[in-house]
Number of protein chains: 2
Amino acid sequence: MGKKLLDTSPTERADAAANRQRILAAAEQLFAEQGPQITMSDLAAAAGVGRGTLYRRYPDVASVAIALLDVHEQALQQQLLAGPPPLGPGATPRERLAAFYEAMVDLLERHLPLALGAELGSTRFTTGAYGFWRAFIASQVRDAGLRDDTLPDVLLAPLAPEVYQYQRHERGRSVSEVKAALERLAVVLPN
Amino acid sequence: MGKKLLDTSPTERADAAANRQRILAAAEQLFAEQGPQITMSDLAAAAGVGRGTLYRRYPDVASVAIALLDVHEQALQQQLLAGPPPLGPGATPRERLAAFYEAMVDLLERHLPLALGAELGSTRFTTGAYGFWRAFIASQVRDAGLRDDTLPDVLLAPLAPEVYQYQRHERGRSVSEVKAALERLAVVLPN
DNA sequence: AGGCAACTGGACACGATGTCCACTTATTCG
DNA sequence: CGAATAAGTGGACATCGTGTCCAGTTGCCT
């Protein structure tokens, strides 16, 4: 007997699993092609499934984007937890923060449409990923000898996808310029 | 003969001016009561005018919020340009930046629903006000001896209304905690 | 093989948007 | 003062996206 452990797929039927793949594949392409302004109807049509089928799994476009981003974010999270310095443990808090900024910029640069799509409707802070980033920064703040629970959110704010998009494509800044500006922030952590 | 100088009101008719006031008054109240999620229909109904009348002046809710915010923002802008230190000229860049953060937090605290309403649809960066804030910070960055055109946008990011709302009402931080965290950022400017 | 439950797709009702235009009103000018 | 005219008004309309719902289908297990 199949036990129900996850609400998403305790024992997902074969056709259902196939449809999930088609949805995710279509979403990846749609996001890349036309940016974050895609609708559930678009997505259903592109995936070749009915709207009801799509809604069965994902309540809105943001959820789909989050699911796609998740894969890429987990790689970075692993690096932070157990990778080599300066991302992983071993470097000073300031160095780790700077390395984190650089890695996040790389991630944003590669997946900007997804990142933008993931926060349609102020989902930004409720994402599991956001909590992870904050926990990481909070840990660096503490290791640096500071006692400030609010600072992590402040230090994360410049990584908002909209800010990054604005800097890159509205203001025309280069990737390394953005990185340089962000890494300046790392000096708020005493050495 | 009346010359057409402004697209909004070269020679605004008396009844039109009255309606504009009713719209702005109704908007101020609606934003305060039910947050930023008000619709053009709501607003028209609350102001006691038809939808067509409302659309004649404001293309969307964000525009109305921006118009309302503008009044309050101009006061701060005046202080930055010609007020007494530490906001106005005379203090060190670092001090002025810190004072700016504090003043902006006060403004956000007082008008958060408006600030949230003003950026429905990523209008954030295209506002005239945003340009002013950036120019101010850019000037402080320069006066501190740095040459970094990207830093101002980074330093402004934590002032995004959504970030402030999250810190205050989701995370339960106090006004002074937020101020303290922000003022820590000022150390990126050398003294 | 057969029955059940998961799954599917599209129709539906709803709410918001932005436009359009016939009508009304303020203002100007003879 | 009383047309004439342009500015202003309000609500109907068409459109679009959303989210729900359910009758019919299909995979899977025994």
Side-chain angles (χ1 to χ4, degrees), chain A residues 1-27 30-31 34-66 116-123, chain B residues 1-27 30-31 34-67 116-117 119-123:
Chain A
M1 65 191 79
K3 289 190 183 177
K4 305 223 168 192
L5 296 175
L6 287 171
D7 54 337
T8 39
S9 65
T11 316
E12 196 175 49
R13 235 168 65 173
D15 54 346
N19 275 340
R20 157 171 283 127
Q21 288 314 317
R22 297 173 68 185
I23 290 172
L24 289 176
L30 269 192
F31 273 117
Q34 15 179 316
Q37 264 124 6
I38 72 180
T39 73
M40 288 295 266
S41 304
D42 288 344
L43 185 46
V49 304
R51 299 170 38 73
T53 305
L54 177 53
Y55 273 102
R56 160 171 284 261
R57 296 195 176 61
Y58 304 102
D60 46 44
V61 254
S63 306
V64 184
I66 289 173
L116 289 168
E119 54 187 60
L120 300 176
S122 294
T123 341
Chain B
M1 64 193 77
K3 290 191 182 176
K4 306 223 169 189
L5 296 173
L6 288 170
D7 53 337
T8 38
S9 64
T11 314
E12 198 176 46
R13 238 169 65 174
D15 54 346
N19 274 339
R20 156 171 286 129
Q21 289 312 318
R22 296 174 66 184
I23 289 171
L24 289 177
L30 269 193
F31 273 117
Q34 14 178 315
Q37 263 125 8
I38 72 180
T39 71
M40 288 296 264
S41 303
D42 290 344
L43 184 46
V49 304
R51 299 170 39 71
T53 305
L54 178 53
Y55 272 103
R56 160 171 283 263
R57 295 193 177 62
Y58 303 102
D60 47 44
V61 254
S63 306
V64 184
I66 290 173
L116 288 168
E119 55 187 63
L120 301 176
S122 292
T123 340

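Since the model is a prediction, treat every value here as computed from it, not as a measurement. Protein chains get the first letters and strands the later ones, always in sequence-line order, with residue 1 at the start of each.
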Of all the choices, [options], which nucleotide is nearest to the side chain of [X] once you look at every atom?
X       : options               : value
B:Arg51 : D:dA12, D:dG8, C:dC7  : D:dA12
B:Arg57 : D:dT9, C:dT19, D:dG27 : D:dT9
A:Ala14 : C:dC7, D:dG8, D:dC28  : D:dC28
B:Thr53 : D:dT9, D:dG27, C:dG9  : D:dT9

- Message: For D:dA7 and B:Arg13 - does any side-chain N or O of the residue sit under 4.0 Å from the phosphate oxygens OP1/OP2?
- Response: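 Checking B:Arg13 against D:dA7: no side-chain N or O falls below 4.0 Å of OP1 or OP2.
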- Message: When you measure from the side-chain N and O atoms of A:Asn19 to the phosphate of C:dC7, is any distance below 4.0 Å, counting only OP1 and OP2?
- Response: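 No.
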Side-chain heavy-atom pair [X], [Y] within 4.5 angstrom cut-off:
X       : Y       : result
A:Thr53 : A:Asn19 : yes
B:Leu54 : B:Leu43 : yes
A:Leu24 : A:Val64 : yes

- Task: Name every residue in residues 39-48 of chain B that has at least one heavy atom under 4.0 Å from any atom of DNA chain C, in order of residue number, or write none if there are no such residues.
- Result: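 Of all residues in residues 39-48 of chain B, the ones placing a heavy atom under 4.0 Å from DNA chain C are B:Thr39, B:Met40, B:Ser41.
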- Mapping A:Ala16 and B:Tyr55 onto DNA chain C by nearest heavy atom, which one lands closer to the 5' end?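 Counting from the 5' end, the first nearest nucleotide belongs to A:Ala16.
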- Round to a whole Å and report the spacing from CD of B:Glu12 to C1' of D:dT9.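 The answer, rounded to whole Å, is 14 Å.
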